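Below: the structure, in structure tokens.
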There are 2 protein chains.
Amino acid sequence: MDDVNIVPAKRPRRPPPRSAYHHGNLRQALIEAGLAHLERNDADTLSLRDLARRTGVSANAVYRHFEDKAALQAALAAEGFRRLLAEQKAAAEAHRSPRVTLLEAGRAYLRFARSQPALYRLMFGHYGATHRQGELGEAAVASFGELGRQVGAAFDLADTDPRVAPSTVYVWALVHGLSALWIDGQFEDMAADPAALVESVVQLAVAVAPPMVTTSSRKNAKRGR
Amino acid sequence: MDDVNIVPAKRPRRPPPRSAYHHGNLRQALIEAGLAHLERNDADTLSLRDLARRTGVSANAVYRHFEDKAALQAALAAEGFRRLLAEQKAAAEAHRSPRVTLLEAGRAYLRFARSQPALYRLMFGHYGATHRQGELGEAAVASFGELGRQVGAAFDLADTDPRVAPSTVYVWALVHGLSALWIDGQFEDMAADPAALVESVVQLAVAVAPPMVTTSSRKNAKRGR
DNA sequence: GCACGATGTTGACGTCGTCCACATGGGGCA
DNA sequence: TGCCCCATGTGGACGACGTCAACATCGTGC
């Protein structure tokens, strides 16, 4: 976010909007405007023209930095995964026991989704399908990889790669499902306090966790990759 | 779907497009066109004008039957929940043991999401937020209620209302998370056979299930409501 | 010191959701 | 039996959107 001013050595420092014509760092400015928009609005209200307007630039300038709207959305989603990863790691650093680490990382995940619902929805929209091999794919894999590392530390995965272990996918699906349902307001008329309901589900998952050793997955564990 | 021809007694039977002017049953025709569209296209490509065109009617005719686009989407989502419910019930009828019933219903749920990804996404988009108290809300609650019934039959919920029991939400979140991640292609580059990965997670959930008696939830179980 | 390529601008096109005024015609009542 | 009403559908328009093509601007590298 603030590595904007660290330049790649060949292209000398780009001082703030030198002329009123060339913006300076439009790409980053557009992404920030997009993130700001998503903090207050639904994901489907995002508009290239609006972002350009807000950045004080013509509508078509956007196309110098993003192939199309989907590319901008993918960039926003990628930034979302990077921020999510940061929270996952922060949760991991604050605790010693691998089990507690995993629990707190899960809670951090839920907190992230709740605090940035529109961004979260964008991250898991179908945009990944078209931009899987770009920075979006990398950022998503990094986030999921961290989860795998944490699950691997907390449970005996019988030398399965944590990233493809059923246990990891299990945890991911549970936390993602909880996040998605919560965000979509599905718990709103189910419980007076949705947060308490979610926490009780988390507790249930923890209570059920101990025997979570993948015995059956040992046989068909694809080693390596 | 075919109760279209059962008329409310006061308004005599509505024979097929009597004049070329008045359509006959435009509302249903639009919904069917929408469902057909969602079988082949992403949810965000859905357009009122296109549906009207396909139904052989002017763009504005739609507004005689739906307040706006969101209302049409809500109607489609509601129909989705009704179909999902039908599959859940079908799975329940085919098996005796409550545990097996729940397992098969879960698999049916996953199958539904996989076979109708765009519709499924619409059902869990944020459209519910604005149309919670309409037919969408009712259909969603009915589907979730069926899940609660099945969970209640399969586990000892300690006299908690199954619809608000952590166990039910737990199962729902897990299956929904699995569906959503699968649909969004998140398993695509994780496993050669995503379906097998998902099944292994389901197996893991089943293996972990037996002790799933909500002991802690007994204390703060809000009775009734 | 100049030309060139990266960056932005202007204008236009087709599509979309939605509003308004108006057309149509079938069923309930006289 | 016939007429009128109102649910239903039409036509045209508006502003916003994503995107394309042609053109303008400018700072850097030779």
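Quick caveat, the model's predicted, so the values are computed rather than measured. Naming convention: chains lettered A, B, ... in sequence-line order (proteins, then strands); numbering from 1 in each chain.
Nucleotide D:dA16 holds its P atom 18 Å from the CG atom of A:D44, rounded to whole Å. As a whole-Å value, the separation of B:N41 CG from C:dC16 P is 12 Å. We find that CG of A:D50 is positioned 15 Å from P of D:dT19, with the value rounded to whole Å. Whole-Å rounding puts the A:K69 NZ to D:dA16 C1' distance at 11 Å. Rounded to a whole Å, the CG atom of B:L72 is 14 Å from the C1' atom of C:dC16. Rounded to whole Å, the distance from CD on A:E67 to C1' on D:dG18 is 13 Å. B:R64 has its CZ atom 11 Å from the C1' atom of C:dC20, to the nearest Å. When rounded to the nearest whole Å, the span between CZ of B:R53 and C1' of D:dG9 equals 17 Å.
When the nucleotides C:dG17, D:dT10, C:dG8 are ranked by their closest atom to the side chain of B:V57, D:dT10 comes out on top. Here the side chain of A:Y63 is nearest to one of D:dT19, C:dG17, D:dT10, namely D:dT19. Considering only the side chain of B:R49, C:dC16 comes nearest among C:dC16, C:dT9, D:dC17.
Nearer the 5' end of DNA chain D, as judged by each residue's closest nucleotide, is the contact made by B:A59, out of B:A59 and A:D68. In terms of position on DNA chain C, the residue among B:L48 and A:A61 whose nearest nucleotide sits closer to the 5' end is A:A61.
Residues A:H37 and A:T45 bring a donor and an acceptor atom of their side chains to less than 3.5 Å of each other.
With hydrogens and angles ignored, a donor-acceptor pair under 3.5 angstrom links the side chain of A:N60 to the base of C:dG11. For C:dT7, the base has no donor-acceptor partner in the side chain of A:R27 [N/O atoms by modelled type, under 3.5 angstrom].
One finds no side-chain N or O of B:H65 lying less than 4.0 angstrom from the OP1 or OP2 phosphate oxygen of D:dA7.
A heavy-atom distance below 4.5 Å is found between the side chains of B:L46 and B:L72. No side-chain heavy atom of A:V151 sits less than 4.5 Å from a side-chain heavy atom of A:P162.
A:S47 comes within contact range of the sugar-phosphate backbone alone, with a heavy-atom separation under 4.0 Å but no base atom that close.
With A:H176 as the fixed residue, the ring-ring contact (aromatic ring centres under 6.0 Å, His included) test singles out one of A:Y109, A:F144, A:Y120: A:Y120.
Between the side chain of B:D68 and the backbone N or O of B:A71, at least one donor-acceptor pair lies under 3.5 Å.
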